[in-house]
A.B. asks: 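There's a structure below that I have some questions on.
The basis for the numbers below is simple: all heavy atoms, side chains too, and nothing from hydrogens, waters or symmetry mates. First the proteins, then the strands, lettered A, B, ... as listed; each starts at 1.
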2 protein chains.
Amino acid sequence: METEELETAAKKTPHTHGECTKSILPVRDALEVLSGKWKLPIIISLIFGNKRFSQIAKEIPGITDKMLSKELRDLEANCLVKRTVYDSIPVVVEYTLTDYGHTLKPVIEVLRNWGVAHRERIMHL
Amino acid sequence: METEELETAAKKTPHTHGECTKSILPVRDALEVLSGKWKLPIIISLIFGNKRFSQIAKEIPGITDKMLSKELRDLEANCLVKRTVYDSIPVVVEYTLTDYGHTLKPVIEVLRNWGVAHRERIMHL
DNA sequence: TTTTAAACTATACTTTGGTATAGTACTTAC
DNA sequence: GTAAGTACTATACCAAAGTATAGTTTAAAA
């Protein structure tokens, strides 16, 4: 019996490379925005309300100042977070989720729902 | 003017640690399933139809055998992919998205839609 | 008899992500 | 004048993720 003649379903839906790649790229973009250990905690923390640097730091156990600073800059570069400097003494900086940042809420919801179900499933094995 | 008196919106919606953490964990679970450079290409490739090892390898430019093998085992451990060995000569192994794996489709769709919009937005800056 | 193909595994290496620790500038409170 | 609070930055280090390259088994094809 030749390999090529196997009765698998493998050949049923032919498709091109380009199709796949084009379909993957934007998904990757979205995942990148949420990637890493700290972006999600930061975004979710800001969904609950505007925060100052040290407030976020306190709310996220384990994060270092360096990572918080770096990730906030990342999120700002992606227009998801706005940084406002208050000219007080000492200087206070407030971080806000932009309107655009809030468009992530349904995305996070879908991920959460799937995640909850997945957790259930993996537990009961 | 004291820091504590600033008229920011930062104090409007108080919430607890526990709330945040519990809300983050399942999202992370979901992201983990899709994490890394190769899981998404593999899943999407299998959405288009069942495939054999070397077929997937050919469809995903740049992936090494080692990574493909490792990621497939990961996906199998998460019940997303089924591995079927055909007792032919030479041995042929077919990979299938399980029904459960297909539940990822809407998740990927949401990510893709957000990703497309995000790509647009970042481009036009 | 060497090559080809299937589906891998093994070893070593590099790159990226994240951590640990310390230090900066400014000012107010003790 | 020393400590403490604001929001950071710098340096060095470490571990996980990914890459490169090669080797394994079986058997058919050239």
Side-chain angles (χ1 to χ4, degrees), chain A residues 1-8 10-11 24 28 31-42 45-46 50-77 81-96, chain B residues 1-8 10-11 24 28 31-42 45-46 50-77 81-96:
Chain A
M1 187 196 229
E2 286 184 11
T3 298
E4 298 308 322
E5 309 291 342
L6 268 181
E7 280 299 329
T8 71
K11 292 174 295 185
I24 288 167
R28 275 250 258 271
L31 283 183
E32 189 141 340
V33 164
L34 301 174
S35 75
K37 193 171 173 182
W38 303 113
K39 289 200 192 71
L40 218 42
I42 293 171
S45 163
L46 290 176
N50 301 351
K51 303 270 164 61
R52 287 181 282 139
F53 188 89
S54 45
Q55 274 185 297
I56 305 174
K58 261 176 233 150
E59 287 203 353
I60 303 176
I63 196 169
T64 61
D65 283 2
K66 185 194 169 178
M67 285 312 286
L68 181 50
S69 165
K70 191 208 145 228
E71 299 292 46
L72 282 169
R73 265 183 280 122
D74 260 36
L75 294 169
E76 209 194 341
V81 161
K82 187 164 140 259
R83 184 176 182 273
T84 312
V85 179
Y86 287 90
D87 202 11
S88 56
I89 285 167
V91 153
V92 158
V93 182
E94 188 177 68
Y95 291 92
T96 314
Chain B
M1 190 199 230
E2 287 185 10
T3 300
E4 299 309 320
E5 309 290 345
L6 268 182
E7 282 298 330
T8 71
K11 292 176 294 187
I24 289 167
R28 275 249 258 270
L31 283 183
E32 189 138 340
V33 164
L34 302 174
S35 75
K37 193 171 173 182
W38 303 112
K39 289 202 193 69
L40 218 42
I42 294 170
S45 164
L46 289 176
N50 301 350
K51 303 271 164 60
R52 287 182 281 141
F53 188 89
S54 46
Q55 274 185 297
I56 305 175
K58 260 175 234 151
E59 287 203 355
I60 303 177
I63 197 168
T64 61
D65 282 2
K66 184 191 171 181
M67 287 310 286
L68 180 51
S69 164
K70 191 208 146 231
E71 299 292 45
L72 283 170
R73 265 182 281 124
D74 261 38
L75 294 169
E76 208 193 340
V81 161
K82 188 164 141 258
R83 184 177 181 273
T84 312
V85 179
Y86 287 90
D87 201 11
S88 55
I89 286 166
V91 153
V92 159
V93 182
E94 187 179 68
Y95 292 92
T96 315

A.B. asks: Kindly indicate whether the side chain of Leu31(B), heavy atoms from C-beta on, has any atom under 4.5 Å from the side chain of Leu34(A).
C.D. replies: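 Result yes, sub-4.5 Å side-chain heavy-atom pair found.
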A.B. asks: Whole angstrom is fine here: how far is it from CG in Leu68(A) over to P in dA20(C)?
C.D. replies: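 To the nearest whole Å, that distance equals 15 Å.
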A.B. asks: What is the separation between atom CD on Glu71(A) and atom P on dA7(D), rounded to the nearest whole Å?
C.D. replies: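 Going from Glu71(A) (CD) to dA7(D) (P), I get 18 Å.
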A.B. asks: Flag the pair Glu71(B) and Lys39(B) as a salt bridge only when some basic side-chain nitrogen lies within less than 4.0 angstrom of an acidic carboxylate oxygen.
C.D. replies: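 Yes, Glu71(B) and Lys39(B) are salt-bridged.
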A.B. asks: Nearest to the side chain of Asp65(A), which nucleotide is it out of dG18(D), dA7(C), dT9(D)?
C.D. replies: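 Of dG18(D), dA7(C), dT9(D), dT9(D) is nearest to the side chain of Asp65(A).
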A.B. asks: Between dC8(C), dT9(D), dG18(C), which nucleotide gets closest to the side-chain atoms of Trp38(A)?
C.D. replies: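 Of dC8(C), dT9(D), dG18(C), dG18(C) is nearest to the side chain of Trp38(A).
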A.B. asks: Hey, is the side chain of Thr64(B) poking within less than 4.0 Å of OP1 or OP2 on dT19(D), counting only N and O atoms?
C.D. replies: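 Answer no for this pair, as no side-chain N or O of Thr64(B) is under 4.0 Å from OP1 or OP2.
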A.B. asks: Send over the distance from Ile60(A) CD1 to dT19(C) P, rounded to a whole Å.
C.D. replies: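 After rounding, the gap between these two atoms is 12 Å.
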A.B. asks: Taking only the side-chain heavy atoms of Lys37(A) (C-beta and beyond), determine which of dT19(C), dA7(C), dG18(D) contains the nearest atom.
C.D. replies: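 Side chain of Lys37(A) sits closest to dT19(C).
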A.B. asks: Just wondering, more than 12 heavy atoms not from Glu32(A) lying within 6.0 Å of its CD?
C.D. replies: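 Check fails, neighbour count at 12 or below.
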A.B. asks: Between dT21(C) and Lys66(A), counting only base atoms on the nucleotide and side-chain atoms on the residue, is there a donor-acceptor pair under 3.5 Å?
C.D. replies: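 Such a pair does not exist between side chain and base.
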A.B. asks: Expressed as a whole number of angstroms, how long is the span from Lys51(A):NZ to dT6(D):P?
C.D. replies: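 The answer, rounded to whole Å, is 15 Å.
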A.B. asks: Whether Arg52(A) contacts dC8(D) is assessed here as follows: a side-chain N or O lying under 4.0 Å from the phosphate OP1 or OP2. Is that the case?
C.D. replies: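 The answer is no; no side-chain N or O of Arg52(A) sits under 4.0 Å from OP1 or OP2.
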A.B. asks: dC8(C), dA6(C), dC8(D): which one has an atom nearest the side-chain heavy atoms of Phe53(B)?
C.D. replies: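 Nearest to the side-chain atoms of Phe53(B), counting from C-beta on, is dC8(C).
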A.B. asks: Expressed in angstrom and rounded to an integer, what is the separation of Glu94(B) atom CD from dC8(C) atom C1'?
C.D. replies: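 Between C1' of dC8(C) and CD of Glu94(B): 17 Å.
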A.B. asks: Looking for any heavy atom pair under 4.0 Å, which part of the strands does Gly62(B) touch: base, sugar-phosphate only, or nothing?
C.D. replies: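 Touches nothing.
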A.B. asks: With respect to the phosphate group of dA7(C), does any side-chain polar atom (N or O) of Tyr86(B) fall under 4.0 Å of OP1 or OP2?
C.D. replies: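 Tyr86(B) to dA7(C) OP1/OP2: no side-chain N or O under 4.0 Å.
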A.B. asks: Just how far, in rounded Å, is C1' of dG17(C) from CE of Met67(A)?
C.D. replies: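 The answer, rounded to whole Å, is 7 Å.
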A.B. asks: Mind checking what makes side-chain contact (heavy atoms from CB on, under 4.5 Å) contact with Ser69(B), not counting sequence neighbours?
C.D. replies: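 Residues passing side-chain contact (heavy atoms from CB on, under 4.5 Å) with Ser69(B): Phe53(B), Arg73(B).
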A.B. asks: Base, sugar-phosphate alone, or nothing: which one does Lys70(A) contact when heavy atoms must sit under 4.0 Å apart?
C.D. replies: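 Nothing, no nucleic acid heavy atom in range.
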A.B. asks: Mind calculating the distance between CZ (Arg83(A)) and P (dT6(D)) to the nearest angstrom?
C.D. replies: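 To the nearest whole Å, that distance equals 16 Å.
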A.B. asks: Using OP1 and OP2 only, check whether a side-chain N or O of Arg73(B) sits under 4.0 Å from dA7(C).
C.D. replies: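 For dA7(C), OP1/OP2 do not have a side-chain N/O of Arg73(B) under 4.0 Å.
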A.B. asks: Among Val81(A), Leu75(A), Asn50(A), which residue meets the side chain to side chain contact (heavy atoms under 4.5 Å, CB included) test with Tyr95(A)?
C.D. replies: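 Exactly one option meets the side chain to side chain contact (heavy atoms under 4.5 Å, CB included) with Tyr95(A), and it is Val81(A).
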A.B. asks: Closer than 4.0 Å, any side-chain N/O of Ser69(B) to the OP1 or OP2 of dT9(C)?
C.D. replies: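 Looking at the OP1 and OP2 atoms of dT9(C), one of them is under 4.0 Å from a side-chain N or O of Ser69(B).
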